[in-house]
Amino acid sequence: MHKDTKAERIKRMQIPAVDVPPELAGRIPPGQVVTDRFPILHEGEVPKYDMAAWSLRVFGEVAEEKTFSYDDILALPHTQIQCDIHCVTRWSKLDTVWEGVRFRDFLQLIDVKPEGKYVMIHADNDYETNVPLADLMGDDILLATTFDGKPLTLKHGWPLRLVVPHLYFWKSAKWIRGIEFMAEDHEGFWERNGFHNVADPFEEQRFSGEAIPIPEDEWVRKEFD
Ligand SMILES: Nc1nc2c(c(=O)[nH]1)N[C@H]1C(S)=C(S)[C@@H](COP(=O)(O)O)O[C@H]1N2
Ligand SMILES: [Mo]
């Protein structure tokens, strides 16, 4: 009997034949397929927002809890990045362009206690994902408000999503509402459901169980733009 979790389904699927052009070698993690389209993947519903009531709450191991309105976020200095993104369902998209507040810059507003070494990103609807703080300090980690020069679409995470290009894209939570600093690592939604805690695509850290490098082609049956 197979357990029918998403992680188990992914493991059972066939590995696609991947032909990586030599000029892209090194940019495409093992087992990934490049697409020009932009798949839309999430659990649950796309949230509906009353922006007057929207807030981003920063809490946990901080000297002072803080809450930001969307206008507060928009007023912060914005940075543009270009990056490749890699979903555990085996699509990769190259040279994506995002704008937003660099996480490291945002942290200048937050007095994180020395013990706050881990972060839980809380998102709508009932989504969360964990990332070590050290993984969020890079130049290309954004609290993103735009994609491809335009405001994020609702389905891609408007008004605010995290972008963590060096980890599988489930760590890049859409619709984020809370940033929690933690003294110990705790698992997020997919991390509790069979996915790898670290999620480095170049190490193929897809699953937390046995490392069966098998594809997910689920995304081709879903929505994309
Ligand atoms: N809030 C929320 N964020 C989420 C998800 C989700 O289910 N809920 N899914 C993640 C996964 S698995 C992926 S691959 C990306 C997909 O982002 P996209 O729909 O913009 O391509 O969002 C991530 N962020
Ligand atoms: Mo994903």
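Numbering of ligands and ligand atoms starts at 1, following listing order. What you see is a predicted model, and the numbers here were worked out from it, not measured in a lab.
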Novice: Please classify the F38 to ligand 1 contact at 4.0 Å (heavy-atom distances, strictly less than): side chain, backbone, both or neither.
Specialist: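 It is the side chain that gets close, since no backbone atom is under 4.0 Å.
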Novice: Nearest to atom 22 (O) of ligand 1, what protein heavy atom do you find, and at what distance?
Specialist: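 It is R161 NH2, 3.4 Å.
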Novice: With heavy-atom distances below 4.0 Å as the criterion, list the atoms of ligand 1 near P39.
Specialist: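 Heavy-atom distances to P39 below 4.0 Å select 18 (P), 19 (O), 21 (O).
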Novice: Would you find a donor on one side and an acceptor on the other, under 3.5 Å apart, between the side chain of S172 and the backbone of V164?
Specialist: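 Flag set: sc S172 to bb V164 pair under 3.5 Å.
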Novice: Should side-chain heavy atoms under 4.5 Å link Ile, Leu, Val, Met, Phe, Trp and Tyr, which residues sit in the same cluster as Y118?
Specialist: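 In the cluster with Y118 are M120, M182.
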Novice: Is it true that R27 and D95 have a side-chain N and a carboxylate O under 4.0 angstrom from each other?
Specialist: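 D95 and R27: salt-bridged.
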Novice: Only heavy atoms of S172, strictly under 4.0 Å: list the atoms of ligand 1 that pass.
Specialist: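 Within the 4.0 Å cut-off of S172, ligand 1 contributes 22 (O), 23 (C), 24 (N).
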Novice: Minimum heavy-atom separation for W54 and R177, please, with both atom names.
Specialist: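 Looks like NE1-CD, 3.4 Å.
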Novice: Measuring from non-hydrogen atoms of G157 to any atom of ligand 1, is the shortest distance under 4.0 Å?
Specialist: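 No, G157 has no heavy atom closer than 4.0 Å to ligand 1.
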Novice: Counting non-hydrogen protein atoms only, what is the nearest one to atom 14 (S) of ligand 1? Give residue, atom name and distance.
Specialist: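 I find the closest protein heavy atom is C87 SG, 3.3 Å.
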Novice: May I ask whether W91 places a heavy atom under 4.0 Å from ligand 1?
Specialist: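 Yes.
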Novice: With no hydrogens and no angle check, just 3.5 Å: does a side-chain donor-acceptor pair link S208 and H196?
Specialist: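 H196 and S208 do not have a side-chain donor-acceptor pair below 3.5 Å.
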Novice: So which heavy atom in the protein is nearest atom 16 (C) of ligand 1, and how far is it from that ligand atom?
Specialist: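 Ranking protein heavy atoms by distance from atom 16 (C) of ligand 1, first comes L41 O, 3.5 Å.
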Novice: I'd like to know if the side chain of Y49 pairs up with that of D124 as donor and acceptor (distance under 3.5 Å, no hydrogens or angles considered).
Specialist: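 There is such a pair between these side chains.
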Novice: Just let me know how W175 lines up against ligand 1, side chain, backbone, both or neither, with a heavy-atom cut-off below 4.0 Å.
Specialist: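 Within the 4.0 Å criterion, W175 contacts ligand 1 through side-chain atoms alone.
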Novice: Of the side chain and backbone of Y127, name the one, both, or neither that has a heavy atom under 4.0 Å from an atom of ligand 1.
Specialist: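 Side chain only.
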Novice: Does only the side chain of V88 get under 4.0 Å from ligand 1, or the backbone, or both, or neither? Count heavy atoms.
Specialist: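 Neither part.
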Novice: In plain terms, say whether D139 and R104 are close enough for a salt bridge, that is, a side-chain N and a carboxylate O under 4.0 Å apart.
Specialist: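 Yes.
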